[in-house]
Amino acid sequence: MRKGTYVYAWKAIPEGAEITIDYRLNAFTGERWACSCGSANCQGYVINSFFALSVEVQRSYLPYAPAFIRAEYHRQTAHG
Ligand SMILES: [Zn+2]
C-alpha cells in the first residue's frame, strides 16, 4: 500500500518475489482502462478510483490511503 513516498505490504515479501500495487488506493479521477493482469478475480478493467472499490475494500484500505483520499472518504461518508 502506497502512503506518501513509502510502500507498505500486507505481508512479508521474500527477496525476488513479484509484487503488485493497487493503483486505486491513491486515485479518484475515474478513468477506465483494460487490465491484463491475468488474475482469476480480475474484472478485466480498472476504474482509477478508490471509490470504485467495494465498501469493504475501501474500509480495509483506508488506514493506508493517502491523506487526500481519507479526507475525501470522510467528506463523502459524512453525507450518507
Ligand atoms: Zn486485472
Side-chain angles (χ1 to χ4, degrees):
M1 292 298 120
R2 189 175 149 210
K3 185 174 186 179
T5 56
Y6 298 94
V7 175
Y8 297 87
W10 293 115
K11 60 184 179 184
I13 302 170
E15 186 176 333
E18 183 178 3
I19 61 171
T20 59
I21 294 175
D22 193 333
Y23 289 104
R24 296 170 295 185
L25 180 63
N26 60 1
F28 62 95
T29 56
E31 301 138 305
R32 178 178 164 141
W33 65 83
C35 184
S36 54
C37 73
S39 171
N41 60 4
C42 179
Q43 296 176 295
Y45 61 89
V46 174
I47 298 175
N48 193 32
S49 175
F50 180 86
F51 302 99
L53 297 164
S54 72
V55 172
E56 295 78 20
V57 173
Q58 287 181 38
R59 284 196 191 116
S60 70
Y61 283 5
L62 193 62
Y64 310 98
F68 75 94
I69 292 287
R70 293 197 308 274
E72 179 65 14
Y73 178 91
H74 293 304
R75 192 188 67 77
Q76 290 189 14
T77 56
H79 303 290

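Whatever order the structure lists them in is the order used to number ligands and atoms, beginning at 1. Along the sequence shown, residues are numbered consecutively beginning with 1. Atoms considered below: every heavy atom in the structure, side chains included; atoms not considered: hydrogens, waters and symmetry mates.
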Atom pairs and distances, side-chain donor-acceptor, residues 33-44, under 3.5 Å, sequence neighbours left out:
{"unit_1": "S39", "atom_1": "OG", "unit_2": "N41", "atom_2": "N", "d": "3.4"}
{"unit_1": "S39", "atom_1": "OG", "unit_2": "N41", "atom_2": "OD1", "d": "2.5"}

Donor-acceptor pairs under 3.5 angstrom involving side-chain atoms of residues 46-57: please list them, not counting sequence neighbours.
{"unit_1": "N48", "atom_1": "ND2", "unit_2": "T29", "atom_2": "OG1", "d": "2.9"}
{"unit_1": "N48", "atom_1": "ND2", "unit_2": "E31", "atom_2": "OE1", "d": "2.8"}
{"unit_1": "S49", "atom_1": "OG", "unit_2": "F51", "atom_2": "N", "d": "3.0"}
{"unit_1": "S54", "atom_1": "OG", "unit_2": "E56", "atom_2": "OE1", "d": "3.4"}
{"unit_1": "S54", "atom_1": "OG", "unit_2": "V57", "atom_2": "N", "d": "3.1"}

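The side chain to side chain contact (heavy atoms under 4.5 Å, CB included) search around A17 returns I13, P14, not counting sequence neighbours.
Remark: R59 CZ to T77 OG1 distance equals 9.0 Å, nearest 0.5 Å. In this structure, the separation between CD1 on I69 and CD on Q76 is 9.0 Å, given to the nearest 0.5 Å.
Near-neighbour remark for the Zn ion (ligand 1): protein N, O or S atoms under 2.8 Å are C35 SG, C37 SG, C42 SG; waters not counted.
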